[in-house]
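Below: one structure, written as structure tokens.
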Protein chains: 2
Amino acid sequence: MSQQPRVNGGRLWDSLMEMAQIGAIPKGGVCRLALSEEDRIGRDLFVQWATDAGCSIRVDAMGNIFARRAGRNNDLAPVITGSHGDSQPTGGKFDGIYGVLAGIEVMRALNDHDIQTERPLEVVNWTNEEGSRFAPAMIASGVYAGVFDLEYGLSRTDAKGITIGQALEQIGYAGSEPMGGRELHAAFELHIEQGPILEAENITIGVVSGAQGQRWYEVELTGRTAHAGTTPMNHRLDALLGFARVVEAVHSLGLEQGAEGRATVGMANVFPNSRNVVPGRVFFSVEFRHPDEAVLVGLDMELREQVAMIADEIGLTWRVEQIFQYAPIAFDSDCIQRVSEAASALGYSQRPIISGAGHDACYLNRVAPTSMIFVPCVDGLSHNEAEHIHPHWAEAGANVLLLAMLAKASEV
Amino acid sequence: MSQQPRVNGGRLWDSLMEMAQIGAIPKGGVCRLALSEEDRIGRDLFVQWATDAGCSIRVDAMGNIFARRAGRNNDLAPVITGSHGDSQPTGGKFDGIYGVLAGIEVMRALNDHDIQTERPLEVVNWTNEEGSRFAPAMIASGVYAGVFDLEYGLSRTDAKGITIGQALEQIGYAGSEPMGGRELHAAFELHIEQGPILEAENITIGVVSGAQGQRWYEVELTGRTAHAGTTPMNHRLDALLGFARVVEAVHSLGLEQGAEGRATVGMANVFPNSRNVVPGRVFFSVEFRHPDEAVLVGLDMELREQVAMIADEIGLTWRVEQIFQYAPIAFDSDCIQRVSEAASALGYSQRPIISGAGHDACYLNRVAPTSMIFVPCVDGLSHNEAEHIHPHWAEAGANVLLLAMLAKASEV
């Protein structure tokens, strides 16, 4: 291509704002839970916009919607992009849907420039990425990628006992398209960073090279509940003191792993949780994230050793149980390269970045050459009504997506 | 008295076990909440036993029941003993009621030995010491001692909105006797230690010289809620990390005050308390206890300084609010002496001890020369269905009470 096309940033922003009215909530965010009536209206709008842009629509058995723009050679595997249209209960206007609507904008921009690609292009709107209404998160891209089987996916229930299968029927998005099983030439997912790094470093494009592996634990320390007034300090088996020391140790373990290390205690329940009772038990979560599996293996050992040491010192019993494990993801080096080249061609500042969160792209990476593009979000805020991105960030990310898709779509 | 009388330990134990059937719960404890139907039945049994022992009964406006055994000179101020008949929701068989029934046993033993005292003796069953059904604790002895006024006391409500005044009417214990305002020559309260010290040191009698002062605080640390995967360690304002450091600091402050120091974080609520979210806020309690008010003043300053320092280091905002203060109690030196002499005369091992908990005697001490007698309890357990004392401890405490009361009752 001699002349690089560009997206229409104003049109993209208008679409984002129009979509944000569906499920809008008072503090500026959206509540568009997966397969809710709001999600249905949002899906219908996505389908309308994609159809208006000349795309054909297919829906699979998990309700994933694929909007396809024909290429010159439609026997070739497509280049796909997209993200999810569902939100957290008090979510923002950009998490997920930005990547979906940027895909639509890519289609529109190609129409504006009258560009026909060699390979077909697709935009996908994945079902239930957030995991807010139905657990686990990323269930539908997971089924697509063969991580979960279809029966498992359709039978997940919400808090009222409604299954994904039933909810899909209710809103008319139980499709007939086979689940996955076809070749994809490349996949890109454009998403807000959901963290503070890009904004803090004044970088426009995050070239996502992979996603962190995760280890989630449940830890329980048990001592002896005792009267706070009558029990001398040296007679106590204070589970909360042990907990405090584990929190400090987990924090240190996170710091020791450098810039990519994440170590978090997010949940803690104290028993009996009474002001004048020395706590006899604390139940809490620990999670580690790191892009290197070997580091996670080391952290696993360190956690157990330190909990044991801390517990022994006080006289507590302890239990550490790993409840969830997610291997680090390395995205496709060629896709990563295409994103970096697109950002360079466009003159945007860029840096490599590791995704700290899970995304549909992490599962898709198992069945297609995949990578992601991040744009900054203000204060790193996400899963929050105040989530915000600047329009020029939104435009920049979509331009990178456009050029990266074009590059892959021209490969024969 | 040339020949020292003794209580009948078997009879006392039988009374304890009979009373423990009222409100008995599955794991061996009792639920006899203040002014409940179970409490009424227990009160009726107390009145019956006291009447059988030749006592006259008076009930005041807070439902405190006074059983009086006449002396030779009934114009003289009485010597009083007693404790409370109410229990925690899953309380033990001895907390409170032991001191009440030991008072009855003193009356019975004096009858056995045909002893007439110079001064009249009384056994009191105080209303709502535990504070489980109606807050605050020790409300009725507090009204008796003029700490609270009667209107305040009668208007305290339970979780269903029923006032103490209404509950007293319902169970027929809204008495007509004036609240306090009369001279008491001396007061003794016999109670289980509710701590581990006496048992650990193999001591039978705790000669209670006073009660610890208390300072209760609410502390809040506020940082910033953040995504555990996307937020680097050095971008976090982790309220839980600050909390962990305060817990360690509070523990150290307790240790530094020596054997009488108590420093406890008993309650902590983490927000949003989600496994993959860096906690943005922790709300928790701190309490200090010490027999020396100057030490408590120092601890107050130390707490504020350390919370401020820890919060500043992480970048948190903080709030420390003292919500409750209770000055140290020094019991009457002559009453203390009488208890010690009684234990010596009976050949029981003894040691001075400070009460870590609040008791009706702490309020009574404001209007009468007062002291307490402690006996050990197994493993220091109390406010627990497994609370237990050995029969020989129960007997020993009652014998000390008997001799201490006799000594004071003979003073003219």
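Values below: all heavy atoms of this structure, side chains included; hydrogens, waters and symmetry mates excluded. Just so we're on the same page: letters track the sequence lines, and every chain starts at 1.
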Chain B contact via [X] - side chain, backbone, both or neither, heavy atoms under 4.5 Å:
{"X": "A:V277", "value": "backbone"}
{"X": "A:F288", "value": "neither"}
{"X": "A:A200", "value": "side chain"}

Tell me which of these, [options], has more heavy-atom pairs under 4.5 Å with chain A than the rest.
{"options": "B:G229, B:P272, B:G195, B:G356", "answer": "B:G229"}
{"options": "B:L240, B:I197, B:V286", "answer": "B:L240"}
{"options": "B:G380, B:A211, B:G358, B:A268", "answer": "B:A268"}
{"options": "B:V246, B:V278, B:V270, B:V265", "answer": "B:V265"}

Legend entry - Residue part contacting chain A, namely of B:F284, when any heavy atom lies under 4.5 Å: neither
Inset, instruction - Could you tell me which of A:A263, A:A357, A:A226, A:G261 has the largest number of non-hydrogen atom pairs under 4.5 Å with chain B? - result: A:A263
Inset, instruction - Return the minimal non-hydrogen interatomic distance between A:P232 and B:A259, and the atom names on each side. - result: CB-O, 4.5 Å
Distance-only check: which donor-acceptor pairs of chain A and chain B lie under 3.5 Å?
from   : atom 1 : to     : atom 2 : distance (Å)
A:Q194 : O      : B:T230 : OG1    : 2.4
A:E218 : OE2    : B:R275 : NH1    : 3.0
A:E218 : OE2    : B:R275 : NH2    : 3.0
A:G229 : O      : B:R262 : NE     : 2.9
A:T230 : OG1    : B:Q194 : O      : 2.3
A:R236 : NH1    : B:A263 : O      : 3.1
A:R236 : NH1    : B:T264 : OG1    : 2.7
A:R236 : NH2    : B:T264 : OG1    : 3.2
A:R245 : NE     : B:E248 : OE1    : 2.7
A:R245 : NE     : B:E248 : OE2    : 3.4
A:R245 : NH2    : B:E248 : OE2    : 2.8
A:E248 : OE1    : B:R245 : NE     : 2.7
A:E248 : OE2    : B:R245 : NE     : 3.4
A:E248 : OE2    : B:R245 : NH2    : 2.8
A:R262 : NE     : B:G229 : O      : 2.9
A:A263 : O      : B:R236 : NH1    : 3.1
A:T264 : OG1    : B:R236 : NH1    : 2.7
A:T264 : OG1    : B:R236 : NH2    : 3.2
A:G266 : O      : B:S274 : N      : 3.4
A:A268 : N      : B:N273 : OD1    : 2.8
A:N269 : OD1    : B:N273 : ND2    : 3.0
A:N273 : OD1    : B:A268 : N      : 2.8
A:N273 : ND2    : B:N269 : OD1    : 3.0
A:S274 : N      : B:G266 : O      : 3.4
A:R275 : NH1    : B:E218 : OE2    : 3.0
A:R275 : NH2    : B:E218 : OE2    : 3.0

